[in-house]
Amino acid sequence: MTETINKSAAGGHQERYNPADIERKWQQRWREQGIYDVDLHDDSKPKYYFLTMYPYPSGDLHIGHWYAEVPADAAARFTRMRGNNVLFPMGFDSFGLPAENAAVKAARAGDTNVHPATLTYERIAHMKQQFQQMGAMFDWSKEVVTCDPGYYKWNQLFFIEMLEKGVAYRKESMVNWDPVDQTVLANEQVIDGRGDRSGALIERRLMPQWHFKITDYADELLDFSGLDWPSRVVAMQTNWIGRSEGAEVVFESEQGDQIRVFTTRPDTLWGATFMVLAPEHPLVAKLTTDEQRAATEAYVERTSHMSEVDRMADAKQKSGVFIGAYAVNPVNQARIPIWIADYVLMGYGTGAIMAVPYGDQRDFEFAREFGLDIVPVVRPDGAEGEVLSEELEEAWAGPGTMINSGPLNGLRHNGEKGRASPAIAAAIEHLESINAGEEQVTYRLRDWLISRQRYWGTPIPVLYCDACGIVPEKRENLPVILPEDVAFLPTGESPLKTHEGFINATCPSCGGAAKRETDTMDTFMDSAWYWFRYLSPNDDSRPIDPELAAKWTPVDMYTGGIEHAILHLLYARFFTKVLRDLGYVSVSEPFQRLRNQGMILGSDNEKMSKSRGNVVNPDDLVAQYGADTVRAYLMFLGPWDQGAPWSYTGIDGQARFLSRVWSLVVDSPSGSQAGGMTEAEVRRAVHHAIKEVTEDLAAFRFNTAIAELMTLQGALTKARAAGLAGSPEWRAGVSTLLKLLAPIAPHIAEELWHRLGEDGSVHLQSWPSFDPAALVSDTVTLAVQVNGKVRGQVEVPADATKDAIAAIAKAEPNVARHLEGKELAREIVVPGRLVSFVVK
RNA sequence: GCCGGGAUGGCGGAAUGGUAGACGCCGCAGACUUAAAAUCUGCCGAUCGCAAGGUCAUGCGGGUUCGAGUCCCGCUCCCGGCACCA
């Protein structure tokens, strides 16, 4: 490794490119001159809100932060040079578990001086310093820090208004309990049965918790029209919401209880040969007969202790118990047995199903396991003869014609969903006509559980009063301050539970004694609206400035990691709609365009982590190569949305490239190989680069943009060697190269811009435009194919006719050889591309 | 199982249906140097050939086309998301 990056030229005065000499200097001058401060009220240019996901203050800026922020910065700079008033803010998502866990860990070790607040603010200060090194154009004057009372106060106001509107509610339900982090988690935070932060196996607990009614917005959240988002994110959210069309059908137990089921295949109702309830279903205790009570209770007991992961592991083998009761199928009055089984989930649909073993693989396996009847109800397309259930090897869920199904016989199920299938449509009509059910849509999405049994978050602003029940805090008392004088007990419990001064309060309604809620809000609440706050971060009279929000939102471009495809991005969309319905904003969607970068992995192709020892420290890289080289290298690795394993091979190439650009401006030219290149060719190279770099940056193709810049640098270096360094074309070319390079390597571009003798900052220049006429050359090189194989190349005048081109092509010696003695069947001339001869 | 994305030299990758491998890394050779580093120049998919040139080649098998990495049909493998969701 080299300490300084050497350069050389064909002679003359030499000053090496040393990033350390220039980067700090320019960062400081840009700050002093405020060239990145945005006037939100400036109407002279179109506004462009370029947002990148704000980081959690973990303590150290990671190469992953660079990979996320640097290309976003380049795109924002490019957008700005193209004439937009670009807002590119930054802040910190500063509530959350890591800081609190650090305090608990320290307390366990006997050190009670570590506090999440001090730790967080120290880390923020350090990371801001690291951010400076990046040379990004963040407008820090709009900074938002979510653990500031001036921010979370508004979380509390929104919560109270949502409570009043019924969007926030408290209910006892089976929740995901993380035994390591000692808190509940939202469904979105449980990955493969484990907590997304702790990795601990999630337990199921019945607890009263605060929820947001995101399910009320399910259909609206499925509508992505007008949004320019990556299809994979749209697919993931659509999947997560999981809309199913079908019908709710009411069965009756022999005792007269109504048992509601949801099914996507009401057309197969005549094939329902048994029912299955979830073990937790409220009717289980009532319906179970005395003979079956012991077995049923044992099964319920057993499943209640199983974790999600145990249940999943159990999925291969169907288990269940007959509870002794029977229900009546409303369409044919068949008497069918009622079972309980853990493959039916209380949390989805109604927690009960009609089982059609002929048409559903799970029901089929269950029926085979326990010897239950299977009645064929669909004749598969193309099936011959009688359909016999004994011969089935698996359920038939595909298209076919209804049989054994009363009024549906002969109708077709075409495999489509809902009413798009004639058989399903007829089944729904029939159910509605006999008053036994109706069309219904069910979602996989559950309400957002936002209570957390932890300290370092926004206090939920409600009180519990013996006389008045649940009472929201008065608006004028907000914020409900998170007390700092708490003890981090080695139990790992939230300190709020033991803070007498916090818990004991007066009821805002009756003035009597009341207890404060000690749960705090999920930190995804903070990130569900933070971009509105960047517009008026210090306004303590209201959360959102309606005028500025109307002007600046929706966000024009949002960039961030694909790992937030569901969590943050779904909550942000939901919360924007809530804010709209509360009257705070007029937009329905937060982010017009979304681009996701991939993940930067360790060189071992694993996720970077301290425990794996594969973490790359950007500070070290900057010290060695300079920020511009690190920036260029991260953008050159490959397509941004693809991510890449980290590798040191290749970074030298970027260092060399920037040194050569340096040399173009700094070294005195001495080349004199006259005739190596013409001024027209220089001009063509420059305008070609403008065209390509513009298109690439607009499409976030940073890697190919840099490749084009390298090609332009090569052409200018060659032109200099050809003695053109004194020409206006060459000089304009260097100036253009610096402008095109400015978004990618802002420091060196600025330094060289000044050394070239140009005025002002390169970052305040307009983006160059290209002249199509300059791209045209006098002659073009065409490939010549014979029977699809390239047999030669010819150079022809750019304005040659097709006939003339064909004649030149035929004359090419190797082409002529392949044509000789053959009959010419076709000739295709594609001007500017190739000539293709077909011979027999 | 369902949904999304992918597979191109030794490596990262590039290619509106039109000369596959741009740009870079690694490697090899040369120039400069007492020497080395740095820098600069050239070469760099496989294979046959002295050369001219030929053959093969973008995961596999077909197809459309004058022409396919690109379009169509059928597979294999890899990555990501969801998953006993009725």
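Naming convention: chains lettered A, B, ... in sequence-line order (proteins, then strands); numbering from 1 in each chain.
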Using a heavy-atom cut-off of under 4.0 Å over every strand shown, decide if [X] touches base, sugar-phosphate, or nothing.
| X | result |
| --- | --- |
| A/Pro645 | nothing |
| A/Val784 | nothing |
| A/Asn814 | sugar-phosphate |
| A/Leu345 | base |

With RNA chain B as reference, determine whether A/Gln785 or A/Gly638 sits nearer its 5' end, using the nearest nucleotide of each. A/Gly638
Which is more 5' along RNA chain B, the nucleotide nearest A/Ala783 or the one nearest A/Pro639? Just name the residue. A/Pro639
Tell me: [atom1] of [X] to [atom2] of [N], nearest whole Å?
| X | N | atom1 | atom2 | result |
| --- | --- | --- | --- | --- |
| A/Leu570 | B/G81 | CG | P | 16 Å |
| A/Arg656 | B/U41 | CZ | P | 12 Å |
| A/Trp640 | B/G13 | CH2 | P | 17 Å |
| A/Leu637 | B/C25 | CG | P | 13 Å |
| A/Arg444 | B/C84 | CZ | C1' | 13 Å |
| A/Arg660 | B/A38 | CZ | P | 13 Å |
| A/Tyr17 | B/A38 | OH | C1' | 17 Å |

Counting only Watson-Crick or G-U wobble pairs whose two distances fall under 3.5 Å, which nucleotide matches [N]?
| N | value |
| --- | --- |
| B/U19 | none |
| B/C2 | B/G81 |
| B/A51 | none |
| B/U65 | none |
| B/U76 | B/A7 |

If the cut-off is 4.0 Å, is [X] near the phosphate of [N], judged by side-chain N/O to OP1 or OP2?
| X | N | value |
| --- | --- | --- |
| A/His818 | B/G54 | yes |
| A/Gln642 | B/G12 | no |
| A/Arg817 | B/G53 | no |
| A/Arg791 | B/G54 | yes |

Salt-bridge criterion met for [X] and [Y] (N-O under 4.0 Å):
| X | Y | result |
| --- | --- | --- |
| A/Lys822 | A/Glu820 | no |
| A/Arg595 | A/Asp228 | yes |
| A/Arg265 | A/Asp267 | yes |
| A/Glu280 | A/Arg204 | yes |

Residues A/Pro19 and A/Gly626: closest non-hydrogen pair is CB-CA, 3.6 Å
Measure across A/Ala809 and A/Val794 and return the closest heavy-atom pair with its distance rounded to 0.1 Å. CA-CG1, 4.1 Å
Are A/Tyr443 and A/Thr215 packed together at the side-chain level, in the sense that at least one heavy-atom pair is separated by less than 4.5 angstrom? no
Can you confirm whether A/Asp363 sits close enough to A/Tyr343 that some side-chain heavy atom of one is under 4.5 Å from a side-chain heavy atom of the other? yes
When the C1' atoms of B/A14 and B/C25 are considered, how many whole Å apart are they? 15 Å
On a whole-Å scale, what distance lies between the P atoms belonging to B/A68 and B/A57? 12 Å
From the list [options], which nucleotide is the closest neighbour of the side chain of [X]?
| X | options | answer |
| --- | --- | --- |
| A/Lys318 | B/C23, B/C84, B/U19 | B/C84 |
| A/Thr711 | B/C40, B/U39, B/C23 | B/C23 |
| A/Asp342 | B/G18, B/U19, B/C84 | B/C84 |

Restricting to nitrogen or oxygen on both sides, can you table the protein-nucleotides 43-47 of chain B pairs closer than 3.5 Å?
none

Scan nucleotides 71-73 of chain B against the protein and return all N/O pairs shorter than 3.5 Å with their distances rounded to 0.1 Å.
none

Going by the side chain to side chain donor-acceptor pair (under 3.5 Å) test, which pairs reach into residues 351-361 of chain A, not counting sequence neighbours? A/Asp360-A/Arg362, A/Gln361-A/Glu365
Quick note, side chain to side chain donor-acceptor pair (under 3.5 Å) partners involving residues 823-835 of chain A, not counting sequence neighbours, are A/Lys810-A/Glu827
Syn or anti for B/G9 (syn when the glycosidic angle lies within 90° of 0): syn
Mind listing the residues from [range] sitting with a heavy atom below 4.0 Å of RNA chain B? Number order is fine.
| range | answer |
| --- | --- |
| residues 833-840 of chain A | A/Arg833, A/Leu834, A/Ser836, A/Val838 |
| residues 232-251 of chain A | A/Arg232, A/Ala235, A/Met236, A/Asn239, A/Trp240, A/Ser244 |
| residues 694-709 of chain A | A/Asn703, A/Thr704, A/Ala707 |

Is it true that [Y] and [X] share a donor-acceptor pair across their side chains at a distance under 3.5 Å?
| X | Y | result |
| --- | --- | --- |
| A/Arg573 | A/Gln237 | yes |
| A/Trp240 | A/Glu188 | yes |
| A/Tyr299 | A/Ser319 | yes |

Using salt bridge (charged side-chain N to carboxylate O under 4.0 Å, His left out) as the criterion, list what pairs up with [X], not counting sequence neighbours.
| X | value |
| --- | --- |
| A/Glu692 | none |
| A/Glu695 | A/Lys691 |
| A/Arg419 | A/Glu429, A/Glu439 |
| A/Glu248 | A/Arg260 |

If you look only at distance, which donor and acceptor atoms sit under 3.5 Å apart when one is on a side chain in residues 697-712 of chain A and the other is two or more places apart or in another chain?
| unit_1 | atom_1 | unit_2 | atom_2 | d |
| --- | --- | --- | --- | --- |
| A/Arg701 | NE | A/Asp696 | OD1 | 3.1 |
| A/Arg701 | NH2 | A/Asp696 | OD1 | 3.2 |
| A/Thr704 | OG1 | A/Asp696 | OD1 | 3.4 |
| A/Thr704 | OG1 | A/Asp696 | OD2 | 3.1 |
| A/Thr704 | OG1 | A/Arg701 | O | 3.2 |
| A/Thr711 | OG1 | A/Ala707 | O | 3.0 |

Answer with yes or no after comparing the ring centroid distance for A/Trp646 and A/Tyr633 against a 6.0 Å cut-off, counting only values under it. yes
